Structures are given as C-alpha cells and as structure tokens.
Amino acid sequence: MTMRLILLGPPGAGKGTQAERLVAAHGIPQLSTGDMLRAAVAAGTETGKKAKAVMDAGELVSDAIVNAIVAERIDQPDCAKGFILDGYPRTLVQADAVEDMLESRGMALDAVIELVVDDKALVGRIVKRAEEAAAAGKPVRKDDNPHVFDERLREYYKKTAPLTGYYYAKRMLTTVDGMAPIDHVTSQINAVLNGKA
Ligand code: AMP
C-alpha cells in the first residue's frame, strides 16, 4: 500500500512534529522542503546560496528551485511506498507542479490534510520552538523569531492559504484541529489515513 500525503498549515501549525510521527508509524519518509533547503544552505550549494537570503527574510524561495528539489527527491528509492510532503506545495504553481510530477510517474496523492490553528497561538509556538532548540544545544533557526515570523505568516496568507480552496475543490482536503494536544492531532490524522487505506 502506498501513502502520499500533503500536510498543509501555517508556520508553527505542527506539520513537522506530525510528519515525524507519521514517518515512525507508516515507514514512509518526511519530505520537508524547509529541511532540504536548510541542508543546501549549510552545504553551500548553488541552490543554498540562492535560497539563503530569501529564507532569512521569511519569504518564499522560487517555485522553480523547490519544484526541482522535490522532483529529484521523490525519485529516490525510499519514496517508492509513499511520502509526506511537509511545507510543500506552498503556492498554486507548486500545487500544479506536484500534480504533474506525480501524474508523469503514474502516482497520485492519497490525502491533503490541513492543520487548522488559531493564528494567535502561532507566534508563541515559534518562539517556544526557538527556546527549546537553544536549551537542547541545537541550532536555532534564523527565521524562528517574531519579526521574521510576521513575514512568514504574510507569505502564508498571500500564497499558501489559497491551496486549501484548491484542494477542497478537488475534494481532497481534510481539516484537522491543530489546536488539540499533539497526540490527539496524530490520532485525527491516522483516522483520516485509515479511511484512505
Ligand atoms: P519551513 O521549514 O517549512 O518553515 O521553511 C523554511 C523556509 O524555507 C520558508 O520560510 C521558505 O523561505 C523556504 N521554503 C520551504 N519550503 C518552501 C516551498 N515549498 N516554497 C518556497 N519556499 C519554501
């Protein structure tokens, strides 16, 4: 059985946390374009050089760059049984691109799940994530601060929020209460996935 899933939601909604749990439960990889871009920045690749300033400012990296990263990634053998797209697609152009990518490989999406979260809670979650990373001696993301967060949220509403309508119209969207405790959010997502299995 394959499982190809998109997790939608604003920054701080809990997509990464839930994706990590789904990896453990379903044995399919998490494809986080944010993680892939941060790795490219750290490695100093051409893509990383182009993306760095844009990411630090909280804006979106170009569709061409992220589409190319994802197209290459889904051809890796560990994606054969499916994957969780976390933070991608983030624009309508990317949504069309992923559809073409999958169709040309004879694949299809199984579910698009939106984590619905109260906007007022988001900045607090981002600040907490930065504090926890620092306390654990892990690197703190340069964009996890209230100032850059505002731009990330603006980008989300301008460019990413329309995707919920796009997938709703395709009858693919399921919404989940992202304000619930983490375990409860996971159970809600698993219930959706079990319904698709
Ligand atoms: P994230 O880790 O998903 O919050 O992503 C961190 C940053 O990476 C974003 O603020 C963007 O600058 C960039 N990024 C990640 N995914 C995408 C995407 N699908 N499209 C454009 N930019 C992205």
Side-chain angles (χ1 to χ4, degrees), residues 4-23 29-74 79 83-102 109 112-117 119 121-134 138-164 166-167 178 185:
R4 298 186 191 92
L5 165 73
I6 291 177
L7 287 181
L8 281 181
K15 302 185 295 295
T17 303
Q18 294 300 329
E20 279 167 25
R21 290 171 159 228
L22 294 168
V23 167
Q30 168 192 16
L31 271 47
S32 155
T33 41
D35 284 351
M36 293 185 240
L37 288 165
R38 279 185 287 279
V41 171
T45 64
E46 277 312 306
T47 297
K49 282 180 200 152
K50 283 187 204 143
K52 187 177 184 316
V54 180
M55 292 173 75
D56 287 349
E59 291 162 14
L60 292 189
V61 173
S62 78
D63 291 327
I65 289 181
V66 287
N67 288 339
I69 292 181
V70 173
E72 199 181 306
R73 184 65 186 85
I74 62 173
C79 290
F83 42 77
I84 303 150
L85 291 170
D86 159 15
Y88 177 91
R90 253 177 160 102
T91 65
L92 291 166
V93 171
Q94 293 176 23
D96 282 338
V98 75
E99 193 169 299
D100 290 347
M101 255 178 241
L102 293 178
L109 285 172
V112 179
I113 298 179
E114 180 194 7
L115 301 181
V116 180
V117 180
D119 281 336
L122 294 173
V123 72
R125 287 186 178 196
I126 293 283
V127 168
K128 191 164 156 229
R129 176 159 80 188
E131 286 167 358
E132 284 174 357
K138 292 188 188 151
V140 175
R141 284 176 50 170
K142 221 172 159 181
D143 58 353
D144 270 353
N145 64 70
H147 177 67
V148 179
F149 176 78
D150 285 349
E151 182 56 30
R152 289 166 66 197
L153 195 61
R154 274 197 293 274
E155 286 283 78
Y156 173 78
Y157 278 111
K158 257 196 302 195
K159 298 173 183 167
T160 310
L163 297 192
T164 59
Y166 174 93
Y167 287 115
V185 177

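Source: prediction; values computed, not measured. In each ligand, atom 1 is the first atom listed, and ligand 1 is the first ligand listed. These numbers come from the heavy atoms of this one structure, side chains and all, not from hydrogens, waters or symmetry mates.
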Pair Arg129, Glu132 - check side-chain contact (heavy atoms from CB on, under 4.5 Å), show working. CA-CA 5 Å; Arg129 176 159 80 188; Glu132 284 174 357; 5.5 Å; no

Pair Ile74, Phe83 - check side-chain contact (heavy atoms from CB on, under 4.5 Å), show working. CA-CA 8 Å; Ile74 62 173; Phe83 42 77; 3.7 Å; yes

Could you walk me through whether Leu7 and Val112 pass the side-chain contact (heavy atoms from CB on, under 4.5 Å) check? CA-CA 6 Å; Leu7 287 181; Val112 179; over 6 Å; no

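Between Arg38 and ligand 1, an N or O atom pair is found at a separation short of 3.5 Å. An N or O contact shorter than 3.5 Å links Arg141 to ligand 1 by distance. Every N/O-N/O distance between Pro89 and ligand 1 stays at or above 3.5 Å.
Looking at atom 7 (C) of ligand 1, its nearest protein heavy atom turns out to be Met55 CE, 3.9 Å. Shortest contact from atom 15 (C) of ligand 1 to any protein heavy atom: Arg90 NH1, 3.4 Å. For atom 16 (N) of ligand 1, the closest heavy atom belonging to the protein is Thr33 OG1, 2.7 Å. Looking only at heavy atoms of the protein, atom 20 (N) of ligand 1 is closest to Gln94 NE2, 3.0 Å. The single protein non-hydrogen atom nearest to atom 22 (N) of ligand 1 is Val61 N, 3.0 Å, given as residue, atom name and distance. Closest to atom 11 (C) of ligand 1, if we only count protein heavy atoms, is Glu59 O, 3.4 Å. Scanning the protein heavy atoms around atom 23 (C) of ligand 1, the nearest turns out to be Leu37 CD1, 3.9 Å.
Residue Leu109 holds its CG atom at 4.5 Å from CD1 of Ile6, rounded to the nearest 0.5 Å.
Checked by atom type, the side-chain pair Asp119/Tyr157 shows a donor-acceptor distance below 3.5 Å.
Near Asp143, meaning under 4.0 Å from one of its heavy atoms, ligand 1 places the atoms 6 (C). Atom numbering of ligand 1 starts at 1 in the shown order; those under 4.0 Å from a heavy atom of Arg152 are 4 (O). Near Tyr88, the atoms of ligand 1 lying under 4.0 angstrom from a non-hydrogen atom of the residue are 19 (N).
Nearest heavy-atom pair, Ile126 versus Pro11, reported as atom, atom and distance to 0.1 Å: CD1-C, 4.2 Å. Scanning all heavy atoms of the two residues, the minimum distance from Leu153 to Pro10 falls at CD1-CB, 4.2 Å. The two atoms that bring Pro139 and Ala133 nearest to each other are O-CB, 3.8 Å, heavy atoms only.
Using modelled atom types, no side-chain atom of Lys159 and backbone atom of Arg90 make a donor-acceptor pair closer than 3.5 Å.
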